[in-house]
Structures are given as C-alpha cells and as structure tokens.
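The figures that follow rest on heavy atoms only: side chains count, while hydrogens, waters and symmetry mates do not. The residues of the chain are indexed from 1 along the displayed sequence. Fair warning: this is a prediction, and the values are worked out from it, not measured in the lab.
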Amino acid sequence: MSKPSNLFWGASRRKARMVRAEGVYLWDDTGKRYLDGSSGPMTCNIGHGNAAVLAAMQDQMRASTFAMRLHFETNPAEHLASRLAEIAPGNLDQVFYTSGGSEAVESAMKLARAHALAMGEAQRWKVISRYPAYHGCTLGALSVTGYAPMTAPFDPMMVQMPKIPAPRAYLDGLDMDDPATGHHYADMLEHSILAEGPETVLAFIVEPIGGASTGALVPPAGYMARIRDICDRYGVLLIHDEVISGGGRVGTFFAGDLWGVVPDMITLSKGFGAGYMPLGAVILRAPIAEAVVGAANYLHGFTYGGNPLACAAGLAVLNEIERQGMMDNAVTVGTRLGTRLRALMQRYEIVGDVRGTGLLQAFELVSDRATMAPLPAGLNAYDRLVEIAYENGLIIYARRSRGGHAGDHFLLAPPMIATDAHIDEIMEKLTRSLDTFIAESRL
C-alpha cells in the first residue's frame, strides 16, 4: 500500500501521477496517455516539451538562474520587455514582471491606485469588474472576482469591489451581433460609475474574451469600443485581463486586438510562459509608469519578478509561436473545433450554447435550451463530465456558469500545435464521455 501524500493542494481529490509530457499529450505512471484538451489549463499554449524552449532555458541556466531586480538588470528581462513593447497595442510599452496571473492583477490594481495618488486624485480607489468573472486568488484579485464560492469565505478579509453583469447575451435572448446589444451591456458600466461617484472610480478590469468563470465568452458587437469610450469620459483606467485570453490562442497575441481597442494596462501570464516557467507581467502606458515613478509611491514587487530564467523561457516561447505560425494554426484548427462543438447541439439537447474564438472554445449544458435553464445543481455536471472525460483520456476544464452555484460550462483549449487529427480525437472522447454522462444521469 502506497504511503499517503504529504502534498496539500486544498482539495481532497487525488489524481493520477504524471511522469511525462510531450506535444499535446501527458502520460501517468501506469502508461496511460491523456490528451491535454485544456492546456493545463489554458497555460501550455505551445505544447509540452518544446525542444527550442528547453534549450534556451538550459543556456540561461549556465549563465545564471537568478538576479535580484533591485541589484541587476538582465539581458533576458530587458529583451523580453522590448519584445512585449513591440507587440503590445498602442503606446503600451512599459513592463512590470510578476510570477503569475493573480500577482499581475494585484500589481495592476496597485499601479492604478499609485497613479491616482500621483495625479492628486486620492479619492479614486474603486475598481469595477464584472459578475461572473475570475481575476485571481490573492485578496486584491478576489475583490474583483465574481465567483461566489471563491470569494464568500474571505469576504470579511477584503473590500468587495463594485460589479456589473457580464455581457451574456445568450442567456438574455439578445443578438450578440447587434451593436445595440453591446451598448446595452457597456452602458451598465456608465450607470455603475455614476452610482458609485465618478470621482471615486479608479479602473475597470475586463477579460476581452472570458476565461474560467464565463467560459470563453465573446463580447457582443460594439461592447469593447463602448467600454473604452466610457472609461475615457470619466477618467477611469481600462485594464484588460489577458491572463487566459492572451498568448496567441485566439489568433492574436492579445485578444483585445480583435476589436482594435487599446487599454491602459494589460495583465498577462499563463500562455506567456506557456508552463515552462512561472511568468507574468503588467504592460502599461509610459505616462502612467512615469507618474508612479515620479511620485515614488509604488512600494511593491516580487522576489521572482523578472527572473532571468523565466524571461529566457518567455522569449523562447514568443520565438516558437512566431516561428511555427501557431496563432494562424489556432484560428484554422480552432474554427474546426468550434464547428464540431456546434454540431453537438444537433445530437444532444442538453448542449445549450457553444462559444469562443480560436483555440479558446466552450460549451454549456442546460436542461432547457429554450429558456437556458441550467441542469439541476445536484447533478454536478461540471465536475462529473470532467471526471468521465479524464477516465477516457481527455482533459477538459469546467466551472459553474452562473456565478458558482449553478450552471455547467466546459472549456476546450488544446495547445496551439493541435492538428485536425487531435480535434478528431478530442471530439471522439468528448462524445463518448457525454454519452456516458447522459446515461448515468438519466437525462
């Protein structure tokens, strides 16, 4: 009998032990192979075991693995910042490194506050976000997260920030291709700013394409541009949270570029380091950075921020995305994946919606497609279907779709190196898993 693990993950459920990963596949210690249909989740964008990235990391290991940012600049950190400035939209050209997405969001919120103080606007402190939404697990990031099971236990420890509804047109029966729909949801931001008092509102943080909590939610036509206009009208900073949607899997490195909207800050992680090293960043406009530096009021940073080994990995990841044309592949293969997922709606009445862009796709299960009523919460469909798929050698990712207590959506986001054959394998295993779930649930 094996000895119980001493490793605490915060959950009681145990999984197989992974011993090898290559391309889009992972193997456990019994030799079973799994197709990584969620990229770990939504992190291993370029696939596992990329030889060029590993070689770049080995080269950097020989030079140095660590340098404290207060003592030294390093070539990898400087070169990666220059590359990010080149590909970031508009005049976003300053980079602040973190170790991950929660740290990036936390840093962006504090940068926004430091900027307000530098500009003599100390009354600005509220960061408006959406519900549902997920922006991280630190207390600051949780304050803008709209997912009740994650936030409720820690409510006494933080100040909850204002929320507006996410633009879930599919639930409200609205046409997402009509700009009037986008304006309807965006105008909720203006109403919130006015209700809170414009002089108190610091920033609005939004995922250009939804991640875990809204399941690859694509905003309605007109939404992103209207949000930008409203923020400008009231002097509110616009933060694009690209931790999940960034990194290339939607066909552009930043999802916000799909609408030509330039935010004031971008938070980035996950696919940025692609799982090879913990790596995150905030990218911001120079005037914001200069004001904060001039005021000397941003006493904030992380030990591993700008780590040379992590930055060397990040540079190599960017090179591989470009060298292999992965963003174009994400569009081509992602279109096929979306088409195959939409075909499920003809086969299964419980598939109520399919949404997404590129290789960030999702489907939602419902009990009634006409009303979009969710499945009974007691079925725990979001959890059970994931388990069945795992047993069938397919890894997918799921969350409750209605803020944490009801609804079931499932994200399919394989690495950007996925081929048509991989999509066929995903769909075969997913279909088999859905059949099993429906049979055992008597749906």
Side-chain angles (χ1 to χ4, degrees), residues 43-108 110-111 242-243 246-249 252-254 257 265-290 292-294 296 298-327 416-417:
T43 298
C44 302
N45 282 15
I46 70 167
H48 303 271
N50 182 285
V53 176
L54 296 178
M57 292 173 66
Q58 289 174 338
D59 288 343
Q60 182 58 42
M61 286 179 191
R62 296 185 187 100
S64 70
T65 58
F66 184 82
M68 184 62 185
R69 64 187 181 87
L70 297 178
H71 301 157
F72 293 102
E73 296 177 353
T74 68
N75 285 332
E78 293 294 327
H79 293 164
L80 181 56
S82 295
R83 289 286 296 280
L84 284 178
E86 290 173 0
I87 64 177
N91 60 349
L92 277 76
D93 60 3
Q94 298 295 299
V95 176
F96 181 86
Y97 289 117
T98 70
S99 303
S102 296
E103 289 180 4
V105 168
E106 194 96 2
S107 298
K110 292 175 74 173
L111 274 167
E242 297 264 16
V243 170
R249 66 170 49 255
T252 55
F253 196 79
F254 300 103
D257 291 350
M265 299 186 205
I266 294 173
T267 61
L268 187 64
S269 188
K270 289 188 178 287
F272 181 32
Y276 288 85
M277 282 292 291
L279 180 64
V282 181
I283 313 170
L284 63 156
R285 295 190 292 109
I288 297 174
E290 290 164 1
V292 170
V293 170
Y298 193 60
L299 300 178
H300 173 82
F302 302 96
T303 299
Y304 288 94
N307 175 270
L309 181 56
C311 290
L315 270 171
V317 167
L318 281 179
N319 290 339
E320 285 298 279
I321 289 172
E322 294 178 356
R323 184 182 71 84
Q324 296 191 39
M326 291 186 193
M327 288 189 285
M416 294 190 292
I417 59 171

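Shown here for Lys270 and Val243, the closest heavy-atom pair between the two residues is CB-O, 3.2 Å. Gly305 and Ser99 get closest at one heavy-atom pair: N-OG, 4.5 Å. In plain terms, the two heavy atoms of Gly275 and Cys44 that are nearest each other are CA-SG, 4.4 Å. Contact detail for Ala52 and Ala316: the closest heavy-atom pair is O-CB, 4.4 Å. In plain terms, the two heavy atoms of Pro76 and Gln60 that are nearest each other are CG-OE1, 3.3 Å. When all heavy atoms are compared, the tightest approach of Ala313 to Met277 is CB-CG, 4.1 Å.
Side-chain contact check for Tyr304 versus Pro278: every heavy-atom pair is 4.5 Å or farther apart. Contact annotation: the side chain of Asn50 never approaches that of Ile417 to less than 4.5 Å [non-hydrogen atoms, C-beta and beyond]. Side chains of Pro89 and Phe253 form no contact here, defined as non-hydrogen atoms less than 4.5 Å apart. With a 4.5 Å cut-off on side-chain heavy atoms, Met57 and Leu309 count as touching. Using a 4.5 Å heavy-atom threshold, the side chains of Asn307 and Tyr97 count as separate. Within the 4.5 Å cutoff, the side chain of Arg83 has heavy atoms near those of the Asn319 side chain. Phe272 has its side chain out of reach of Val317: every pair of non-hydrogen atoms, C-beta onward, lies at least 4.5 Å apart.
Open room surrounds CZ on Phe72; 12 or fewer heavy atoms of other groups in view lie less than 6.0 Å from it.
Atom OG1 of residue Thr303 and atom CZ of residue Arg69 lie 8.5 Å apart, to the nearest 0.5 angstrom. Residue Met265 holds its CE atom at 12.0 Å from CD of Gln94, rounded to the nearest 0.5 Å. The distance from atom CD of Glu106 to atom OG1 of Thr267, rounded to the nearest 0.5 Å, is 12.0 Å. Annotation: the span from Ile87 atom CD1 to Ile321 atom CD1 amounts to 8.0 Å, rounded to 0.5 Å. One distance of note links OG1 of Thr43 with OH of Tyr276; it measures 12.0 Å at 0.5 Å rounding. Atom-to-atom distance recorded for Arg323:CZ and Glu320:CD is 4.0 Å, nearest 0.5 angstrom.
Shown here are the side-chain contact (heavy atoms from CB on, under 4.5 Å) partners of Thr252, two or more places apart in sequence or in another chain: Val250, Asp257, Leu258.
The backbone N or O of Glu78 sits less than 3.5 Å from a side-chain atom of Ser82, completing a donor-acceptor pair. One N or O on the side chain of Ser269 and one on the backbone of Leu279 form a donor-acceptor pair closer than 3.5 Å.
Using bins of under 30°, 30° to 60° and over 60° for the plane-to-plane angle, the ring pair Phe302/His300 lands in the perpendicular bin.
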Go through the steps for Leu284 and Val292 under the test side-chain contact (heavy atoms from CB on, under 4.5 Å), then give the verdict.
CA-CA 11 Å; Leu284 63 156; Val292 170; over 6 Å; no
